[in-house]
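These notes concern the structure reproduced below.
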Protein chains: 2
Amino acid sequence: MNMREIAKRAGVSTATVSRVLNGNPKVNPELRDIVNKVIQEVNYVPNAIARSMNHGTTSILGLILPDITNPFFPGIARGVEDAAISKGYKVILCNTDNHADTEKTYLRMLREQRVDGLILVSASNMSEETMRQMIEDIPVVLCDRIPESKHFSSVVTDHRKGIKMAVDHLVGLGHREIAMISGPKTLISGIERANYFRDIMAEAGLPCPEQRVVPCDYRYESGFIAANQLLKDKAITAILCANDMMALGAMDAVFESGLQVPDDISVVGYDNIPFSNWSRPRLTTVSQPTYLLGVNALEILADALASSETDKQQVQRMLNPTLIVRKSSAMVKR
Amino acid sequence: MNMREIAKRAGVSTATVSRVLNGNPKVNPELRDIVNKVIQEVNYVPNAIARSMNHGTTSILGLILPDITNPFFPGIARGVEDAAISKGYKVILCNTDNHADTEKTYLRMLREQRVDGLILVSASNMSEETMRQMIEDIPVVLCDRIPESKHFSSVVTDHRKGIKMAVDHLVGLGHREIAMISGPKTLISGIERANYFRDIMAEAGLPCPEQRVVPCDYRYESGFIAANQLLKDKAITAILCANDMMALGAMDAVFESGLQVPDDISVVGYDNIPFSNWSRPRLTTVSQPTYLLGVNALEILADALASSETDKQQVQRMLNPTLIVRKSSAMVKR
DNA sequence: TTGAAAGCGCTAACAC
DNA sequence: GTGTTAGCGCTTTCAA
């Protein structure tokens, strides 16, 4: 069923049907009613594909992230989704597992699809140079990833602030011997938080030997292993983790070594994934506003799409983390 | 950059470019090379929209689910995604919160978009009648939801088996006074599991008074409240929950009432969401193969799309749950 | 093997 | 206020 058919049945031209469909006021109310009646009768829905052909615009956006199965990402995805729909966009979801190849495949597919824009949460090692090439001139906003060059817009959480909050919290509790289980050295996010940690410890005049910052892969298991390693250092009274899943692993390692959280060792997470509120003890953690990260990313993108092509001003937005104090951190006993 | 431009630069017709792009063998190798060279040079990517206009097919699928933020759904979404990509489809993600209105809005949008097919994980109270009307003749497969009529294909977990496994496990541990925290009475999934529970308890010759099956809303908090309620009945030694989040809430309620899991009360969950393996104690639960649910849904859909329009055979697939015995269930003491 | 041309369903400029 | 028509970028006959 297409417009021509509707036009025929209503005894008008396709142009008139088009006008009715688009709410063009310059159409005789009687004709409008007839057309609408026919549309109702045959349950007609206009073809967005055909419309796209004219406009050169699809109202489709691509959302590229590592893995929707990782509890950190659904919040972002939902934020993007909700904001997108409210502005008339649909979004195609792509899971890359941070593989550059998968990312390239998706980028190619999304270009074929002529998406209007892209939100990139992925953190593969693809260079921004290569990326620019892959996406040509499709508007992009990076989410949870600071662009090296200033050729991309971005939204991120202020991780320096986040790490500082966590350290300050621990220091306020009397901790001085603090270790960190950080992210992978291969991911910017991993290196970044570790560096902030070192800086802030130094600023606070606290010790921070290299072996107390152990790079891991963000998974529960690696947190468990790293904590076991760290616990050999009997001076340590607190462990700060670069994400909540590793913090969960770390807590379990503490328990299995016969110690208690938070009595013997305080553990602080990062992200505030839903589960962190249900662990035992409930996890003290730095909350990232994932939903807002998504919403903001979409807003920036939508703004870029709405504005004229010419003013390609890049915008960098930084959102504030918040410290959620729960039960996995306590006054130092020693 | 479009095909005409490529054709011009390569000194051929658009037809030839099209043939090269589609791997048509009947094209002079020399011309092919020239065309490919030009394509490389200008970094041209064919326009899927235009292609769709001819084919009448978009290779886009819609995935409608309640809330990607709920840990039960990402597994399904990832399964659908992965299987879709491997078959050349892209998927548009839609969160409905189980609101019939939102669902309708999305259905409309997806129809406009001329998606080739639909996977519906949502469980709003929209009647299948209405649904059929909304989606016209777009192929659909229901996921995690058994169709009332046989007009839809579907993939579901065998919940009867799942509930039976859980009850058998508990009975094997000597429990006889078993309560259930079930899903909402407004959702089929809620009613279904509660009914299976009653049946199976009856078959086993065990008591199952009405007040021991309390309908909740699948959230942590409601599990907590319901468990508090149930704990007043001192005879109860085990609580079976219709999902893991409520089981987590139930465990916390047990602890806060001064009792122990599993020593005093055994708690069994349902779903096996990732966190169920990290709770303390680790949760004994019935695992739903969410990823496979998604993969299967997509396979059924892809098969339907590949087969001729005429043979509209509906297929119903039932996947087996598995019991994951962890630490929240133990031998009765009383 | 290659090209010309019609057409997919719609929009928008133009003429009436 | 309404209809005619020329595209949007591609695929696909049909001739050559």
Side-chain angles (χ1 to χ4, degrees), chain A residues 1-36 38-39 42-60 88 108-116 136-138, chain B residues 1-36 38-39 42-60 88 108-116 136-138:
Chain A
M1 181 60 54
N2 60 23
M3 250 181 57
R4 217 172 47 247
E5 184 70 15
I6 302 292
K8 201 168 71 183
R9 298 200 189 198
V12 299
S13 71
T14 58
T16 298
V17 177
S18 178
R19 290 189 189 103
V20 171
L21 247 14
N22 294 301
N24 187 322
K26 295 178 202 165
V27 54
N28 185 323
E30 291 188 14
L31 280 193
R32 186 169 36 63
D33 291 348
I34 294 177
V35 170
N36 276 326
V38 173
I39 288 174
V42 301
N43 195 12
Y44 168 75
V45 169
N47 186 327
I49 299 296
R51 193 173 279 174
S52 292
M53 285 244 55
N54 297 291
H55 285 146
T57 233
T58 55
S59 297
I60 301 184
R108 158 95 192 190
M109 180 209 87
L110 293 170
R111 260 184 80 196
E112 288 186 357
Q113 205 59 49
R114 297 298 189 266
V115 293
D116 290 345
E136 283 272 283
D137 50 2
I138 303 176
Chain B
M1 182 60 53
N2 60 24
M3 250 181 56
R4 217 172 47 247
E5 184 70 15
I6 302 292
K8 202 169 70 186
R9 299 198 188 201
V12 300
S13 72
T14 59
T16 300
V17 177
S18 178
R19 291 191 188 101
V20 171
L21 248 14
N22 295 301
N24 187 323
K26 295 179 202 162
V27 53
N28 185 323
E30 293 187 15
L31 280 191
R32 186 168 35 65
D33 291 348
I34 294 177
V35 170
N36 276 327
V38 173
I39 288 175
V42 301
N43 194 12
Y44 168 75
V45 168
N47 185 325
I49 300 295
R51 193 173 278 173
S52 291
M53 284 241 56
N54 297 291
H55 285 147
T57 231
T58 56
S59 298
I60 301 185
R108 159 95 193 191
M109 180 210 86
L110 293 170
R111 261 185 78 197
E112 287 186 356
Q113 205 61 48
R114 297 298 190 265
V115 293
D116 290 345
E136 282 272 282
D137 49 2
I138 303 176

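Since we're looking at a predicted model, the values are computed, not measured. Below, chain A is the first sequence line, B the second, and so on; all start at residue 1.
Across the protein-nucleic acid pair, B:Ile6 atom CD1 and D:dT11 atom C1' stand 16 Å apart, rounded to whole Å. Summarising the geometry, the separation between CD on A:Gln113 and C1' on D:dG9 is reported as 14 Å, rounded to the nearest angstrom. In this structure, B:Ile49 atom CD1 and C:dG9 atom P are separated by 15 Å, rounded to whole Å. Distance, A:Asn24 CG to C:dT11 C1': 11 Å, rounded to whole Å. Taking atom NZ on B:Lys26 and atom P on C:dT2, their separation rounds to 12 Å, with Å as the unit. Counting to the nearest Å, the C1' atom of D:dC10 and the CG atom of A:Asn54 are 14 Å from each other. For A:Leu21 and C:dG9, the CG to P distance is 15 Å, given to the nearest whole Å. As a whole-Å value, the separation of B:Met53 CE from D:dT11 P is 13 Å.
In the set C:dG9, C:dT2, D:dC10, C:dT2 carries the atom at the smallest distance from any side-chain atom of B:Asn28. Nearest nucleotide to the A:His55 side chain, out of D:dG9, C:dA12, C:dC10: C:dA12. Nearest nucleotide to the B:Met3 side chain, out of C:dT2, D:dC10, C:dC10: D:dC10. The nucleotide whose nearest atom lies closest to any side-chain atom of B:Tyr44 is, among C:dT11, D:dG1, D:dC10, D:dC10. Of the candidates C:dC8, C:dA4, D:dC10, the closest approach to any side-chain atom of B:Ala15 belongs to C:dA4. Of the candidates D:dT11, D:dG9, C:dG3, C:dG3 carries the atom nearest the B:Val12 side chain, counting heavy atoms from C-beta on. Across D:dT11, C:dA13, C:dC10, the shortest atom-to-atom separation from the side chain of A:Asn2 is found for C:dC10. Residue B:Ser13 has its side chain nearest to C:dA4 when only D:dT2, C:dA4, D:dC10 are considered. Set against D:dG9, D:dC10, D:dT11, the side chain of B:Ser18 has D:dT11 as its closest nucleotide.
Counting any heavy atom pair closer than 4.0 Å across all strands shown, B:Arg4 reaches sugar-phosphate atoms only and no base atom.
In this structure, the side chains of B:Arg111 and A:Asn43 come closer than 4.5 Å at one or more pairs of heavy atoms. With a 4.5 Å cut-off on side-chain heavy atoms, A:Tyr44 and A:Val35 do not count as touching. For the pair A:Arg51/A:Pro46, a side-chain contact is recorded, criterion being any heavy-atom separation below 4.5 Å from C-beta on.
The residue from B:Thr58, B:Ile49, B:Val45, B:Asn47 that alone fulfils the side-chain contact (heavy atoms from CB on, under 4.5 Å) condition with A:Gln113 is B:Ile49.
Taking the nucleotide of DNA chain C with the nearest heavy atom to each of B:Val27 and B:Ala50, the more 5' of the two is matched to B:Val27.
A:Asn47 contributes no side-chain N or O that forms a donor-acceptor pair with the base of C:dC10 under 3.5 Å. In the interface, the side chain of B:Arg114 is not paired with the base of C:dG9 through any donor and acceptor atom under 3.5 Å apart.
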Exercise. Take A:Glu30 and A:Asp33 through the side-chain contact (heavy atoms from CB on, under 4.5 Å) test and state the conclusion after the steps.
Key: CA-CA 5 Å; A:Glu30 291 188 14; A:Asp33 291 348; 5.8 Å; no
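Between B:Asn22 and the phosphate of D:dT11, there is a side-chain N or O to OP1/OP2 separation shorter than 4.0 Å. At C:dT11, one or more side-chain N or O atoms of A:Arg51 fall inside 4.0 Å of OP1 or OP2 (strictly under the cut-off).
A donor-acceptor contact shorter than 3.5 Å links the side chain of A:Asn24 to the backbone of A:Lys26.
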